[in-house]
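Right, one structure below, let's go through it.
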Amino acid sequence: MTSYTTKSSRSSWTTRQLCLAAAMTAVVFLATFVPRIPIPLGYAHLGDAAIFLMVLFVGRREMLFAACFGSALSDLLGGFPLWIVPTLVIKFFMADIAWRLIRPDHRETASLLRMTMGFLAGSLWMAVAYTLFGALLYNSLAAGLASAPGLIAEGLLNTAVAIVAAGLLQKALLHR
């Protein structure tokens, strides 16, 4: 008789984690794809705010998966397929930087200062990395640098939106 039991390990995903990662991937995709504001070499969006909120409220694996694939799916469907691989790398490290600064001990709560520093550090990485990838992909430092002001503004906006939304969500969760 064959047994169909599965061995439990840290590398396997539960059904709950898979569903949460899929739902959060859709949230990141929509926040990235729908409010597109043109900037040189691409567009600004609110997808990073969604990623930052996931740092606070979702598990690390689900958050990293959604950050990478929600953003890359927006590049694919939005007409920027050249940016899919850079986006996968950039969003992984952006989310991971924010996670490590905000939740180094995996606690559920974070101070406003820790959130701000984590979101700004992730945004700084994102702006620098997209600027450098833009310079590489278009073989022009000037082209890469042309996107920097828009990327910096995007990072600041996403940080502000995520901080305000986090405060509102935390209040709502406390009053349940």
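What you see below is based on every heavy atom in this structure, not just the backbone, and it leaves out hydrogens, waters and symmetry mates.
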Exercise for the section: Kindly write out the residues that satisfy side-chain hydrogen bond (donor to acceptor under 3.5 Å, both in side chains) with Ser123, not counting sequence neighbours, or none if the list is empty. Expected result: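 Ser123 satisfies side-chain hydrogen bond (donor to acceptor under 3.5 Å, both in side chains) with Thr159 once adjacent residues are dropped.
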Checking the side chain of [X] only, and the main-chain atoms of [Y] only, is there a donor and an acceptor separated by less than 3.5 Å?
X: Arg61; Y: Gln17; answer: no
X: Ser147; Y: Gly144; answer: yes
X: Trp125; Y: Ile90; answer: yes

Residue pairs passing the salt bridge (charged side-chain N to carboxylate O under 4.0 Å, His left out) test where at least one lies in [range], sequence neighbours excluded:
range: residues 116-139; value: none
range: residues 63-91; value: Asp48-Lys91
range: residues 119-129; value: none

Which ILVMFWY residues are connected to [X], directly or by a chain of links, through side-chain heavy atoms under 4.5 Å apart?
X: Val164; result: Leu168
X: Leu132; result: Leu124, Val128
X: Ile152; result: Leu120, Leu156

Practice task
Sorted by first residue and then second, give each side-chain hydrogen bond (donor to acceptor under 3.5 Å, both in side chains) pair with at least one member in residues 18-40; sequence neighbours left out.
Solution key: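 Matches after skipping sequence neighbours: none remain.
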Problem - Geometric class of the Phe69/Phe65 ring pair [parallel <30°, tilted 30-60°, perpendicular >60°] - result: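 The rings of Phe65 and Phe69 sit tilted, inter-plane angle from 30° to 60°.
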Practice task
Apply side-chain contact (heavy atoms from CB on, under 4.5 Å) to Val161 and list each qualifying residue two or more places apart in sequence or on a separate chain.
Solution key: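 Here the qualifying residues are Leu46, Ala49, Leu157.
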Problem - Residues in ring pair (Phe, Tyr, Trp, His ring centres under 6.0 Å) contact with Phe57, at least two apart in sequence or another chain - result: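 Testing Phe57 for ring pair (Phe, Tyr, Trp, His ring centres under 6.0 Å), a comparison that skips the adjacent residues, returns none.
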Practice task
Using salt bridge (charged side-chain N to carboxylate O under 4.0 Å, His left out) as the criterion, list what pairs up with Arg100, not counting sequence neighbours.
Solution key: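 Partners of Arg100 by the salt bridge (charged side-chain N to carboxylate O under 4.0 Å, His left out) criterion, ordered by chain and then number, come out as Asp96.
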Practice task
Find out whether Glu154 and His45 are in side-chain contact, i.e. whether some heavy atom of one side chain is under 4.5 Å from a heavy atom of the other.
Solution key: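 When only atoms from C-beta onward are counted, His45 and Glu154 do touch, with a gap below 4.5 Å.
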Problem - Heavy atoms from other residues, nucleotides or ligands near CZ of Phe93 exceed 12 (cutoff 6.0 Å) - result: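 For Phe93, atom CZ is not crowded (no more than 12 foreign heavy atoms under 6.0 Å).
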Please tabulate, for the side chains in residues 136-143, all donor-acceptor contacts under 3.5 angstrom to protein atoms that are two or more places apart in sequence or on a different chain.
from, atom 1, to, atom 2, distance (Å)
Tyr138, OH, Trp83, NE1, 3.4
Ser140, OG, Ala142, N, 3.4
Ser140, OG, Ala143, N, 3.1

